[in-house]
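Data block below; observations after.
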Amino acid sequence: MSDVTTLSVDCGGGGIKASVLNSAGNIISPALRTPTPYPLPPERLVETIVDLAKQLPRAQRITVGMPGMIRHGVVITTPHYITKSGPRSKVMPELVPLWARFDMREALQNQLDLPTLVLNDAEVAGAGVVTGQGLEMIVTLGTGLGNAIFDNGRLAPHVEVSQGPIRWGLTYDDYIGEHERLRLGDSHWSRRVRLVVDALRPMYVWDRLYLGGGNSRRITASNLAKIGEDVVVVPNEAGMTGGARCWDLARTSD
């Protein structure tokens, strides 16, 4: 299996990226990106991924990371794709039942005729950075907050931390999402990130926490210096390159 190739697709609130990886997780094709189309019923996301796949060299398997609670390739809930025009826009009630229990893995396998793995996007990113030693957690900072836990390299059942309350009636998504970063500025927002790390640390008692996603690089140096030696900032590219490695790290029932 040393030469197996993976079509890795990273589905975000604002864009969908795809590329082909070798078995080491290195990108071996041009990386493609298209804006996330809204409104977005499940079939439209499937069509978008299929269209990207047709523009890339054919791979031997597919990994898709997407926001929300995903169990065994089935979407339980997804926060952005039920809205009219993307994150923080109005929820379209008619989309909620369409996404609930939608089997994304089966839909893509039927369309592309390849083994498919569908996970939460932070789980894919975590697969790209964990060492496999001890309890490792990743928190991704972007449109909102993503998270995943790995125990000695094995992916643990997902907990949607982003929807948990933190203070003032706000969820973690509300508190340190992109909307608040733009409103507060990087310095104030970085202090909030530090508060979130401090809040999560006694809950998970990790051996190492990784901060990833596009906004992790925006944490100011002064706040990063105070955040703790058990915290490591990792490149945003992990959301793509983890697409190969997660086949070895995902729960066997996936």
Side-chain angles (χ1 to χ4, degrees), residues 10 12 25 63 65-71 76 79 117 119-167 170-178 180-181 189-254:
D10 183 11
T63 299
M66 59 178 293
M69 178 68 77
I70 316 297
R71 293 183 185 148
I76 307 302
L117 189 61
L119 298 169
N120 173 273
D121 51 354
E123 295 178 334
V124 178
V129 298
V130 295
T131 67
Q133 301 296 315
L135 197 289
E136 297 174 281
M137 182 174 187
I138 185 168
V139 167
T140 56
L141 305 170
T143 302
L145 176 147
N147 66 280
I149 288 284
F150 294 80
D151 185 13
N152 285 331
R154 302 301 294 176
L155 180 59
H158 187 63
V159 175
E160 191 71 350
V161 171
S162 67
Q163 301 307 305
I166 181 166
R167 61 193 317 181
L170 299 176
T171 66
Y172 284 86
D173 253 2
D174 299 327
Y175 190 64
I176 58 170
E178 172 69 354
E180 284 296 275
R181 187 191 69 79
W189 173 82
S190 296
R191 288 196 293 273
R192 285 194 174 186
V193 172
R194 186 154 52 90
L195 287 173
V196 166
V197 171
D198 289 342
L200 294 177
R201 185 179 276 112
M203 295 169 59
Y204 287 94
V205 197
W206 54 67
D207 293 302
R208 183 175 288 103
L209 171 68
Y210 302 98
L211 295 178
N215 280 343
S216 61
R217 61 185 176 84
R218 299 184 183 275
I219 302 171
T220 60
S222 59
N223 281 282
L224 197 57
K226 300 174 184 176
I227 213 163
E229 295 182 356
D230 57 343
V231 181
V232 179
V233 175
V234 296
N236 187 36
E237 289 74 15
M240 185 71 67
T241 59
R245 195 174 180 213
C246 63
W247 283 81
D248 297 321
L249 302 183
R251 299 178 295 274
T252 55
S253 57
D254 282 341

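For the single chain, residues carry numbers from 1 onward in sequence order.
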Heavy atoms, side chains only, cut-off 4.5 Å: are H158 and M69 in contact? yes
Can you measure from CZ (R154) to CG (L249) and round to the nearest 0.5 angstrom? 7.0 Å
What residues, two or more places apart in sequence or in another chain, satisfy side chain to side chain donor-acceptor pair (under 3.5 Å) together with R208? none
Go through the steps for L211 and V231 under the test side-chain contact (heavy atoms from CB on, under 4.5 Å), then give the verdict. CA-CA 7 Å; L211 295 178; V231 181; 3.6 Å; yes
Hey, what do you get for CG (L200) to CG (L145), rounding to the nearest 0.5 Å? 7.5 Å
G68 and N120: which non-hydrogen atoms are nearest, and at how many Å? O-ND2, 2.8 Å
Nearest 0.5 Å, please: how far is SG in C246 from CG in L117? 5.0 Å
Flag the pair V139 / L209 as yes when at least one side-chain heavy-atom distance between them is below 4.5 Å, and no otherwise. yes
Name all pairs fulfilling the salt bridge (Lys or Arg N to Asp or Glu O under 4.0 Å) condition that reach into residues 213-235, sequence neighbours left out, sorted by first residue then second. R201-D230
So, for G242 and A127, which heavy atoms are closest and what is the spacing to 0.1 Å? O-CB, 3.8 Å
Are L135 and V205 packed together at the side-chain level, in the sense that at least one heavy-atom pair is separated by less than 4.5 angstrom? no
So, does N147 use its side chain to make a donor-acceptor pair with the main chain of V161 at under 3.5 Å? yes
For T171, check side chain to side chain donor-acceptor pair (under 3.5 Å) against everything at least two apart and list the hits. D174
Atom CD1 of I138 and atom CH2 of W206: how far apart are they, to the nearest 0.5 Å? 12.5 Å
Smallest heavy-atom separation, S216 atom then V234 atom, equals OG-O, 3.7 Å
Distance check, rounded to the nearest 0.5 Å: D207 atom CG versus M137 atom CE? 13.0 Å
How about E178 and N215: do any of their side-chain heavy atoms sit closer than 4.5 Å? yes
In L195, N223, I176, the residue satisfying side chain to side chain contact (heavy atoms under 4.5 Å, CB included) with S190 is N223
Closest non-hydrogen atom pair between A122 and G146, with its separation: CB-C, 3.7 Å
For L224, give me all partners under side chain to side chain contact (heavy atoms under 4.5 Å, CB included), at least two apart in sequence or on another chain. I219, I227, V233
For the CG atom of L141 and the CZ atom of R181, what is their distance to the nearest 0.5 Å? 10.5 Å
Could you work out, with side chain to side chain donor-acceptor pair (under 3.5 Å) as the rule, every residue matching Y210, not counting sequence neighbours? E136
Heavy atoms of E123 and F150 approach each other most closely as O-CZ, 3.4 Å
Atom of Y172, atom of A199 and distance for their closest heavy-atom approach: OH-CB, 3.9 Å
Can you list the residues that meet the side chain to side chain donor-acceptor pair (under 3.5 Å) rule with Q163, with sequence neighbours excluded? D173
